[in-house]
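Down below is the structure, laid out as structure tokens.
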Amino acid sequence: MDRADLQPRVRDVAGAIETMETRGAANIADAAADALRAQADGSEAETAAALLAELRAVARLLLATRPTAVSLPNACRYVLRRTGGDSVEAVRASAVESVAEFRARLETAQRDLGQVGANRLRDGDTIMTHCHSTDALACVEAAVDDGKALTALVKETRPRKQGHITARELTELGVDVTMVVDSAARRYMNEVDHVLVGADAIAADGSVVNKIGTSGLAVVARERGTPVVVAAGTLKLDPATMTGNAVEIEMREESEVLDETEREAIGDISVENPAFDVTPPRYVDAIVTERGQFPPESIVTLMRELFGEGPTEPWQEP
Ligand code: RI2
């Protein structure tokens with residue numbers, strides 16, 4: 001596909017996902033679906049086949065922006081599998097309709113999983129959070145709506161300090177928030193009733209891929225017997241892992257870790273900046289989805305039901 005045929009919205013969405021202006025798996029999926037809609041809407045393709053090829057190319061472009069965010073391929077799978085027809089108009093209409101359907105499901109899913117997660121939380125509980133997850137916050141919001149008072153220990157979450165967003169949003173929900181640096185997690189674990197985090201991807205064996213630092217937090221929580229709850233809509237389930245593929249961990253710029261002045265002052269060193277880590281299933285108590293809560297070891301049954309035995313990749317050229 002010629003880049004000139006790309007709708008400006010597609011370029012904007014891809015850029016915003018790459019720079020993390022749009023972030024969080026659910027928001028990424030929503031934006032990706034909207035980019036497909038924009039391409040279908042604005043395309044000047046003259047045949048159904050040409051428009052379908054454009055949409056596949058848009059999906060491939062989006063997929064390259066954040067390799068770990070499985071919500072991206074899942075959004076593209078959902079839309080492209082339901083897009084087709086013999087005329088440009090039919091393809092366009094089915095794409096627009098499936099995007100609308102996908103976005104509506106996204107919203108309902110988050111509300112439903114929020115209620116499931118809220119059922120685990122009791123009035124007066126203290127949660128510890130890591131990074132910023134709209135799925136995790138949906139659980140808190142539903143608990144607050146049910147009249148439960150919650151306290152939160154919010155981890156700052158280096159390097160991008162996304163805990164700041166969580167702190168602000170929890171405060172807006174009326175939760176009493178204390179922020180701690182990441183390395184203080186163990187020091188405060190005795191005060192915590194639930195560790196509540198989100199996920200960027202869930203593998204077939206129940207491993208949870210989430211913001212770097214989650215696995216260490218889960219190990220500390222297990223040491224103290226504190227339950228680790230992962231709020232993750234089915235959008236985060238990675239069907240490719242059913243056939244043995246590993247989730248790729250995104251490595252990001254060193255400038256997120258050290259600014260130029262710090263870098264110069266330190267001298268010649270290497271910096272590694274993985275965005276995510278993998279928490280093995282034995283450290284996770286429950287994965288909360290819109291289909292109910294699952295022990296991580298049994299999530300594969302839900303994956304089989306939703307995706308079949310293996311993934312088909314509708315963005316590949318036939
Ligand atoms: P929701 C974030 O990654 C965090 O790791 C968070 O737990 C996860 O996405 C899920 O977010 P990043 O996009 O979909 O900030 O629950 O790198 O909002």
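Both counts, for ligands and for their atoms, begin at 1 and track the order of listing. Just so it is clear, the structure is predicted and the values come from calculations on it, not from any experiment.
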Problem set entry | Shortest heavy-atom approach to atom 10 (C) of ligand 1 - which of A136, A232, A201, A199 |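 Result: the heavy atom closest to atom 10 (C) of ligand 1 is in A199.
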Less than 3.5 Å between some nitrogen or oxygen of [X] and one of ligand 1, yes or no?
X: A25; value: yes
X: F276; value: no
X: N27; value: no
X: H130; value: no
X: I28; value: no

Per-atom contacts of ligand 1 with [X], taking only distances under 4.0 Å to non-hydrogen atoms:
X: A26; answer: 14 (O)
X: D135; answer: 16 (O)
X: G198; answer: 7 (O)
X: R66; answer: 12 (P), 13 (O), 17 (O)

Looking only at protein heavy atoms, which one is nearest to [atom], and how far off is it?
atom: atom 15 (O) of ligand 1; value: R23 NE, 2.5 Å
atom: atom 16 (O) of ligand 1; value: S133 OG, 2.7 Å
atom: atom 7 (O) of ligand 1; value: N210 OD1, 2.5 Å
atom: atom 18 (O) of ligand 1; value: T134 OG1, 2.5 Å
atom: atom 8 (C) of ligand 1; value: D200 OD1, 3.3 Å
atom: atom 17 (O) of ligand 1; value: K211 NZ, 2.7 Å

Would you call [X] and [Y] a salt bridge, using N to O less than 4.0 angstrom?
X: R158; Y: D182; value: no
X: R160; Y: E256; value: yes
X: E250; Y: R252; value: yes
X: E248; Y: R66; value: no
X: D34; Y: R103; value: yes

Problem set entry | Heavy-atom check, side chain of E272 versus side chain of M251, under 4.5 Å |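 Yes, side chains in contact.
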Please confirm whether [X] comes under 4.0 Å of ligand 1, counting heavy atoms of the residue only.
X: R160; answer: no
X: C131; answer: yes
X: V197; answer: no
X: H132; answer: yes

Exercise. Any side-chain donor-acceptor pair under 3.5 Å between H132 and E169?
Worked result: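 There is such a pair between these side chains.
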Exercise. With sequence neighbours excluded, what pairs up with E254 under the side-chain hydrogen bond (donor to acceptor under 3.5 Å, both in side chains) test?
Worked result: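 Counting only residues at least two positions away or on another chain, E254 forms a side-chain hydrogen bond (donor to acceptor under 3.5 Å, both in side chains) with R263.
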Problem set entry | V10 versus A35, closest heavy-atom pair with distance |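 So the minimum-distance heavy-atom pair works out to CG2-O, 3.5 Å.
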Exercise. Which residues pass the ring pair (Phe, Tyr, Trp, His ring centres under 6.0 Å) test with F294, sequence neighbours left out?
Worked result: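 In terms of ring pair (Phe, Tyr, Trp, His ring centres under 6.0 Å), with neighbours along the sequence ignored, F294 is linked to no residue.
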Exercise. Just one of T289, I287, V300, I202 clears the side-chain contact (heavy atoms from CB on, under 4.5 Å) bar with L237, so which one?
Worked result: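 Exactly one candidate clears the test, I202.
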For this session: Measure from NZ or CZ of R82 to the centre of the six-membered ring of Y78 and say whether it is under 6.0 Å with the direction within 45° of the ring axis.
Result: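 Yes, R82 and Y78 form such a contact.
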